[in-house]
Undergrad: 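Take a look at the following structure, please.
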Amino acid sequence: MRKMLDKEFFDRPATAVAKDLLGKYLISPEGSHMITETEAYVGPQDKACHSYKGRTARTEPMYDEPGTIYIYFTYGMHYMLNFVTGAKDYPAAVLIRGVEGIVGPGRLTKALQIDKRFNHRPLRRITGLWVEDRGVIIRPREVLRTPRIGIDYAGEWKDKPYRFVLKKKDGRSRP
DNA sequence: ACGATGATGAAC
DNA sequence: TTCATCATCGTA
């Protein structure tokens with residue numbers, strides 16, 4: 001089983017998409033990697049979400065179709081990879097924080113050579129970046145939910161459990 | 001614990 | 001045009 005995730009998959013609340021992206025495969029020019037860590041930025045009311053400040057040149061991709069790639073540059077050196085979720089003109093997205101073997105949103109984009117070339121483009125084969133369902137089943141007990149990282153400025157939104165991490169298989173639960 | 005390093009948005 | 005800030009990371 002190998003199905004490319006389509007617009008319909010991303011046309012849902014960011015938290016649902018973030019959770020369901022765990023165990024899916026990110027396909028890039030550097031190969032295929034299972035997604036292991038995500039964060040949801042749920043919309044313009046979310047103080048941690050870039051669209052909280054309104055529509056600007058930077059956040060424009062978030063207002064496009066679900067499944068659009070949103071990439072921004074921060075701290076003068078790191079590219080962050082996001083997928084737009086929900087209806088067109090509703091600015092929400094999911095940050096991809098880690099894949100199997102690569103932990104950290106900045107390390108991930110560096111390792112997979114993802115930069116602004118992919119910004120505001122659709123997640124499709126032609127783009128060179130897309131996501132596949134390869135039939136990996138994730139049980140609820142394999143998912144850790146925590147507050148999001150690096151958003152201490154976000155007031156009451158700071159502690160919302162919008163970060164999803166796929167727990168490592170440790171073998172201890174196997175018979 | 002801190003500095004790197006530059007785009008971004010808001011203030012002036 | 002200037003300034004503070006930043007969904008981070010490597011080194012100490």
Side-chain angles (χ1 to χ4, degrees), chain A residues 5 9-24 26 28 30 33-87 89-123 127 129-131 143-168:
Chain A
L5 299 188
F9 176 89
F10 293 97
D11 190 9
R12 296 181 294 147
T15 48
V17 173
K19 176 169 71 68
D20 291 346
L21 278 171
L22 298 180
K24 302 299 191 292
L26 174 64
S28 76
E30 299 302 307
H33 301 267
M34 190 170 71
I35 296 171
T36 56
E37 184 179 346
T38 59
E39 275 176 4
Y41 290 84
V42 304
Q45 73 282 13
D46 177 358
K47 286 185 182 169
C49 189
H50 288 169
S51 58
Y52 178 71
K53 310 247 187 213
R55 192 167 185 157
T56 67
R58 178 174 68 151
T59 62
E60 191 61 25
M62 293 186 100
Y63 292 81
D64 214 319
E65 301 284 339
T68 297
I69 298 164
Y70 168 45
I71 293 183
Y72 67 91
F73 186 66
T74 193
Y75 292 109
M77 54 188 89
H78 303 296
Y79 293 100
M80 300 288 119
L81 172 64
N82 301 258
F83 303 148
V84 175
T85 67
D89 289 317
Y90 184 80
V94 171
L95 170 67
I96 307 302
R97 292 192 58 89
V99 296
E100 208 167 28
I102 312 172
V103 177
R107 291 178 183 140
L108 161 61
T109 53
K110 185 178 178 189
L112 303 187
Q113 309 211 58
I114 293 167
D115 58 26
K116 286 232 138 168
R117 300 194 313 279
F118 296 103
N119 189 37
H120 209 154
R121 313 201 52 202
L123 278 168
T127 306
L129 196 66
W130 71 97
V131 184
V143 178
L144 177 67
R145 285 188 73 153
T146 81
R148 295 169 291 182
I149 305 294
I151 54 145
D152 288 350
Y153 59 85
E156 70 273 25
W157 292 84
K158 169 170 72 74
D159 299 313
K160 301 220 179 252
Y162 291 166
R163 173 170 173 250
F164 299 85
V165 185
L166 185 57
K167 294 180 187 170
K168 284 188 184 169

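Naming: A, B, ... by sequence-line order, numbering from 1 per chain. Keep in mind the model is a prediction, meaning the values are calculated, not measured.
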Undergrad: When you match A:K110 and A:Y153 each to their closest nucleotide on DNA chain C, which lands nearer the 5' end?
TA: A:Y153
Undergrad: Can the positive tip of A:R117 be found less than 6.0 Å from the middle of the six-membered ring of A:Y79, inside 45° of the ring normal?
TA: no
Undergrad: Can you tell me how far C1' of C:dT8 sits from NE2 of A:H50, to the nearest Å?
TA: 12 Å
Undergrad: I'd like to know if A:D89 and A:R55 make a salt bridge, using a cut-off of under 4.0 Å between side-chain N and carboxylate O.
TA: yes
Undergrad: Using whole Å, what does the distance between atom P of nucleotide C:dA4 and atom CG of A:D152 come to?
TA: 21 Å
Undergrad: Going by 5.5 Å between centroids and 30° between planes, is there a stack of A:Y41 over C:dA7?
TA: yes
Undergrad: For the pair made of OH in A:Y72 and P in B:dG9, what is the distance, rounded to whole Å?
TA: 12 Å
Undergrad: Does a side-chain N or O of A:T56 approach OP1 or OP2 of B:dG9 to a distance below 4.0 Å, or not?
TA: yes
Undergrad: How do A:G76 and A:R58 order along DNA chain B: which one's closest nucleotide is nearer the 5' end?
TA: A:G76
Undergrad: Of all the choices, B:dG6, C:dT8, C:dA7, which nucleotide is nearest to the side chain of A:Y75 once you look at every atom?
TA: C:dT8
Undergrad: Tell me which one of A:V94, A:T36, A:L26 satisfies side chain to side chain contact (heavy atoms under 4.5 Å, CB included) with A:L21.
TA: A:V94
Undergrad: Does A:R163 put a side-chain nitrogen or oxygen below 4.0 Å from OP1 or OP2 of C:dA7?
TA: no
Undergrad: Taking any heavy-atom pair under 4.0 Å as a contact, classify A:M80: base, sugar-phosphate, or nothing.
TA: sugar-phosphate
Undergrad: If you check the A:N82 side chain, which of C:dA7, B:dA4, C:dT8 turns out closest?
TA: C:dA7
Undergrad: Applying a 4.0 Å non-hydrogen cut-off, can you work out what A:I151 is touching in the nucleic acid: base, sugar-phosphate, or nothing?
TA: sugar-phosphate
Undergrad: So A:R148, base contact, sugar-phosphate only, or nothing? Heavy-atom distance under 4.0 Å.
TA: nothing
Undergrad: Taking NZ, NE, NH1 and NH2 as the nitrogens, is one of them in A:D46 or A:K160 under 4.0 Å from a carboxylate oxygen of the other?
TA: no
Undergrad: Grab the OH-C1' distance between A:Y70 and B:dA7 for me, whole Å please.
TA: 11 Å
Undergrad: Which part of the nucleic acid, if any, lies within contact of A:K116, taking any heavy atom under 4.0 Å across all strands shown: a base, the sugar-phosphate backbone alone, or nothing?
TA: sugar-phosphate
Undergrad: Once you round it to whole Å, what is the distance between C1' of C:dC6 and NZ of A:K158?
TA: 17 Å
Undergrad: Would you say B:dA7 has OP1 or OP2 under 4.0 Å from some side-chain N or O of A:Y79?
TA: no
Undergrad: With a 3.5 angstrom cut-off on both distances, give the Watson-Crick or G-U wobble partner of B:dC2, or none if there isn't one.
TA: C:dG10
Undergrad: Roughly how many Å is it from NZ in A:K53 to C1' in C:dA7, rounded to a whole number?
TA: 13 Å
Undergrad: Expressed as a whole number of angstroms, how long is the span from A:F73:CZ to C:dA7:C1'?
TA: 14 Å
Undergrad: Would you say a side-chain N or O of A:H78 is under 4.0 Å from OP1 or OP2 of C:dA7?
TA: no
Undergrad: If I take atom CE in residue A:M77 and atom C1' in nucleotide C:dG10, what distance separates them, rounded to the nearest angstrom?
TA: 9 Å
Undergrad: Where the side chain of A:R107 is concerned, which of B:dA10, C:dC9, B:dG6 is the nearest nucleotide?
TA: C:dC9
Undergrad: Among A:L144, A:V103, A:I96, which one satisfies side chain to side chain contact (heavy atoms under 4.5 Å, CB included) with A:E37?
TA: A:V103
Undergrad: Does A:V165 offer a backbone N or O that forms a donor-acceptor pair with the side chain of A:R97 under 3.5 Å?
TA: no
